[in-house]
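What follows is a short report on a single structure.
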Amino acid sequence: MKQEPTRSLARPHTGRSQAHFHRSLMVTALAGAVLWAASLSGAHAALPETQKQGNVEYVTGGIGLDESQSLKAAEKSYPLSLLFARKLDGKNDYTADVKVVITDAKGATILNATSGGPYMLVKLPEGEYKVSATLDGNEQTRQVSVKGNGSAHAGFEWSAKSTK
């Protein structure tokens with residue numbers, strides 16, 4: 001009895017080795033994982049919600065590394081950036097809940113808000129402003145000159161009682 005040749009169910013040879021096929025599959029899976037991880041980190045790095053008072057928009061926060069990095073990166077889009085810290089045992093410790101009042105050159109109050117973290121970014125028109133920041137009843141003031149986005153910065157630092 002004559003035996004029929006057996007048929008192979010394997011794919012026809014295309015010049016690619018099975019190892020090459022698996023490597024391509026792994027590269028595609030890795031690229032997908034990287035894109036997925038990037039989309040998650042982008043979601044975590046979003047700025048806090050923009051708030052509005054009168055004609056002034058501002059954002060405040062900076063609690064946590066992702067949020068503080070996002071606010072630092074956004075400084076160039078805001079004409080005024082404020083930073084709040086407490087000096088404790090010789091070190092600067094970022095602080096929140098700072099009462100902020102910004103007045104224009106005529107003395108009119110432009111913004112009256114409380115910081116939600118160590119950073120406050122404010123969209124103001126060009127001009128001269130007085131910024132008052134109060135923490136635990138201790139007020140400090142700074143004169144700032146806004147000339148465009150990212151042009152004015154003011155830092156406020158209060159002393160705290162030692163914990164030693």
Qualifying residues under side-chain contact (heavy atoms from CB on, under 4.5 Å), relative to [X], sequence neighbours excluded:
X: D93; result: none
X: A152; result: L80, V144, V146
X: L71; result: L47, P48, V59, E67, Y119, L121

Report the C-alpha distance between D97 and F84 in whole Å, list the side-chain angles of each, state the deciding distance to 0.1 Å, and finish with yes or no for side chain to side chain contact (heavy atoms under 4.5 Å, CB included). CA-CA 9 Å; D97 300 322; F84 310 110; over 6 Å; no
Residues sharing I63's hydrophobic cluster, by side-chain heavy-atom contacts under 4.5 Å among ILVMFWY, directly or via others?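 The other cluster members (ILVMFWY side chains, heavy atoms under 4.5 Å, direct or chained): none.
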Is it the case that the side chain of [X] and the backbone of [Y] share a donor-acceptor pair, with hydrogens and angles ignored and the cut-off at 3.5 Å?
X: S81; Y: E75; result: no
X: S115; Y: G117; result: yes
X: W158; Y: K87; result: no
X: T60; Y: G116; result: yes

With sequence neighbours left out, write down each residue that passes side chain to side chain donor-acceptor pair (under 3.5 Å) with T103, or none if nothing qualifies.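 T103: no side chain to side chain donor-acceptor pair (under 3.5 Å) contacts found.
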Chi angles and distances behind the side chain to side chain contact (heavy atoms under 4.5 Å, CB included) call for V100, T114: CA-CA 6 Å; V100 177; T114 301; over 6 Å; no
Which pairs pass ring pair (Phe, Tyr, Trp, His ring centres under 6.0 Å) with one or both residues in residues 123-148, sequence neighbours excluded?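 Sorted result for residues 123-148: empty, none.
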Going by salt bridge (Lys or Arg N to Asp or Glu O under 4.0 Å), name the pairs with one or both residues in residues 116-135, residues two or more places apart or in two chains.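 Salt bridge (Lys or Arg N to Asp or Glu O under 4.0 Å) check on residues 116-135 returns no pairs.
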Determine which pairs satisfy salt bridge (Lys or Arg N to Asp or Glu O under 4.0 Å) with at least one residue from residues 135-152, sequence neighbours left out, and list them in order.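 For residues 135-152, and leaving out neighbouring residues, the salt bridge (Lys or Arg N to Asp or Glu O under 4.0 Å) pairs sorted by first residue read R86-D136.
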Assess whether side chain to side chain contact (heavy atoms under 4.5 Å, CB included) is satisfied between N149 and K76, documenting all intermediate values. CA-CA 6 Å; N149 280 350; K76 62 185 174 281; over 6 Å; no
Can you name the residues that form a ring-ring contact (aromatic ring centres under 6.0 Å, His included) with Y78, not counting sequence neighbours?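 Per chain and number, Y78 pairs via ring-ring contact (aromatic ring centres under 6.0 Å, His included) with no residue.
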Spatial distance of atom CE (M120) from atom CG (L83) [nearest 0.5 Å]: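 The CG atom of L83 is 12.0 Å from CE of M120, to the nearest 0.5 Å.
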Considering only heavy atoms from C-beta outward, does the side chain of V122 approach that of L111 to under 4.5 Å?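 Counting from C-beta outward, V122 and L111 do come under 4.5 Å.
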Residue pair A46 / S70: nearest heavy atoms and the distance that separates them: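 Nearest pair, atom of A46 first, then S70: N-OG, 4.0 Å.
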D104: partners by salt bridge (Lys or Arg N to Asp or Glu O under 4.0 Å), with sequence neighbours left out: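 With neighbours one apart ignored, the set is empty.
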Side chains of residues 50-58: which donor-acceptor pairs under 3.5 Å do they make with residues two or more places apart or in other chains?
residue: Q51; atom: OE1; partner: Y58; partner atom: OH; Å: 3.1
residue: Q53; atom: OE1; partner: N112; partner atom: N; Å: 2.6
residue: Q53; atom: NE2; partner: N112; partner atom: O; Å: 2.8

